[in-house]
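Note: hydrogens, waters and symmetry copies are ignored here, and every other heavy atom, side chains too, is used. Both ligands and their constituent atoms are indexed starting at 1 by order of listing.
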Amino acid sequence: MDIVEWSRWESETVRGRAKGEIGMDATNDRAAWFQGGEAVCSVTPEARSRAFRLVLLGPPGVGKGTQAELLCKSLGTCHLSTGDVFRAASCQHDPSPALRSALDAMRRGELVSDGLVVTMVEERSGCLGCCGGFLLDGFPRTVSQAEALDDLLVRQGVSLDAVLSYELPLPEIVDRLSGRRTCSKCKAVYHVTARPPHKEGICDLCAGSLIQREDDRPESIRVRMQAYEESTRPLADYYERSGRLVAVTADGAPEDILERSLRELQARATLARH
Ligand code: AP5
């Protein structure tokens, strides 16, 4: 996007934010992503002059899901989380053996196999070509998944705008993970001290009960951090080499990190112009 387009987008976004018009439609069930196959989302995305296609990278608990929610509201795009798809599938009465082994891996804090994850995203690749854009959270997580994503994007005729890579010291990450509470119905994310709900244990948005994720137990957190260091951190180099990496510090309030992310995206657009 050149700077003229950027300015137009930015002023529309700021105006829209002030009027509450821009943002991922909260009534959209994202069925195409959650169910895959022929499923169609309850709200058809608006074709936009500027659709953002982004990946969020960073260790477990750094705040990717929280930023995804805020970025989607600001940019009017759609949050696609592979972890959310697996967690939604865990409610199936009779999961396939492959899904059962994926859910076991998740509980232990290990990564699900590349083959299964890539097949799952491939079955939903229409979401990558969606005219509303996308914000991928939790995928890719290995270099092999990143290569598969590049292939899928080529087949959809679209390309990534940027990979936002969030970093935070380990003690703060552990604090964020151990205090996280998630709505059992709408999946909204809270934190017992940093982002508490108005009523303890109850979701502000849908009154669902708030639960602690199984993989937020200390023993699973350790395994997840190790999987991140071994398999996911090398992705930063992969995206740096192709000029798509945008590093963002993830300390401070979520809204401050959002502003930092938007500023970095803008700086990148300005640089691309010159
Ligand atoms: P996934 O669901 O992707 O989880 P994750 O990457 O481990 O990330 P999290 O959701 O734990 O953290 P987050 O960074 O989104 O932080 P959040 O915003 O919630 O994956 C889960 C599992 O699924 C994996 O372990 C794996 O088994 C499997 N899987 C999924 N995709 C896979 C793939 N592609 N390949 C292989 N396996 C795959 O924030 C955390 C807490 O901090 C919250 O309480 C929040 O309120 C709080 N918080 C956020 N921001 C701030 C802030 N600025 N200040 C204070 N508190 C904050």
Side-chain angles (χ1 to χ4, degrees), residues 33 55-72 79-90 98-99 101-122 124 135-146 148-149 164-169 171-183 187-197 203-204 210-217 219-233 235 248-261:
W33 181 249
V55 164
L56 298 193
L57 202 60
V62 74
K64 301 182 296 296
T66 304
Q67 287 307 307
E69 203 182 301
L70 296 172
L71 281 163
C72 285
H79 180 193
L80 308 181
S81 155
T82 41
D84 281 350
V85 173
F86 288 127
R87 278 184 289 277
S90 68
L99 180 56
S101 85
L103 296 176
D104 286 344
M106 276 180 79
R107 270 183 220 107
R108 291 192 297 268
E110 295 165 8
L111 293 187
V112 174
S113 72
D114 284 345
L116 187 68
V117 176
V118 170
T119 303
M120 192 266 275
V121 175
E122 205 165 6
R124 292 159 172 77
L135 208 159
L136 275 170
D137 166 14
F139 179 86
R141 247 180 164 97
T142 64
V143 171
S144 149
Q145 291 181 18
L149 175 62
L164 291 166
S165 175
Y166 293 99
E167 288 291 343
L168 194 68
E172 289 177 54
I173 289 179
V174 172
D175 177 62
R176 286 186 185 179
L177 281 176
S178 47
R180 171 166 53 193
R181 299 293 180 270
T182 306
C183 176
K187 312 300 172 206
V189 174
Y190 297 85
H191 188 276
V192 286
T193 53
R195 211 182 182 197
C203 178
D204 293 345
L210 303 186
I211 54 166
Q212 184 165 32
R213 265 170 49 175
E214 277 187 281
D215 58 353
D216 280 347
R217 289 169 297 134
E219 61 274 25
S220 301
I221 292 177
R222 264 193 303 277
V223 179
R224 287 163 69 195
M225 294 308 298
Q226 195 180 340
Y228 174 77
E229 289 300 331
E230 285 170 8
S231 305
T232 310
R233 197 177 277 286
L235 268 185
V248 183
T249 310
D251 64 355
E255 291 71 18
D256 296 336
I257 303 166
L258 170 71
E259 290 302 326
R260 216 174 283 150
S261 306

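Lys64 NZ, 3.3 Å is the protein heavy atom nearest to atom 8 (O) of ligand 1. In this structure, atom 9 (P) of ligand 1 lies nearest to the protein heavy atom Arg180 NH1, 3.2 Å. Closest protein heavy atom to atom 28 (C) of ligand 1: Met106 CG, 3.5 Å.
Against a heavy-atom cut-off of under 4.0 Å, Tyr190 is close to the following atoms of ligand 1: 43 (C), 44 (O), 46 (O). Those atoms of ligand 1 with a heavy atom of Gln145 less than 4.0 angstrom away are 33 (C), 34 (N), 35 (N), 36 (C). Heavy-atom proximity to Ile257, at under 4.0 Å, picks out these atoms of ligand 1: 53 (N). Interface atoms of ligand 1 facing Thr82, defined by a heavy-atom separation under 4.0 Å, are 30 (C), 31 (N), 32 (C), 34 (N). Close approach to Asp215 involves these atoms of ligand 1, each under 4.0 Å from a residue heavy atom: 21 (C).
Taking 4.0 Å as the cut-off between side-chain N and carboxylate O, Asp84 and Lys187 do not count as a salt-bridged pair.
Selection from Leu116, Val112, Asp251, Asp114 by nearest heavy atom to atom 37 (N) of ligand 1 gives Val112. Residue Glu110 holds the heavy atom nearest to atom 26 (C) of ligand 1 of all those in Arg176, Gln67, Glu110, Arg87. The residue from Glu214, Arg141, Glu172, Arg108 that puts a heavy atom closest to atom 6 (O) of ligand 1 is Arg141. The residue from Gly61, Gly65, Ser231 that puts a heavy atom closest to atom 15 (O) of ligand 1 is Gly65.
The two residues Val248 and Ser261 come nearest to each other via the heavy atoms CG1-OG, 3.9 Å.
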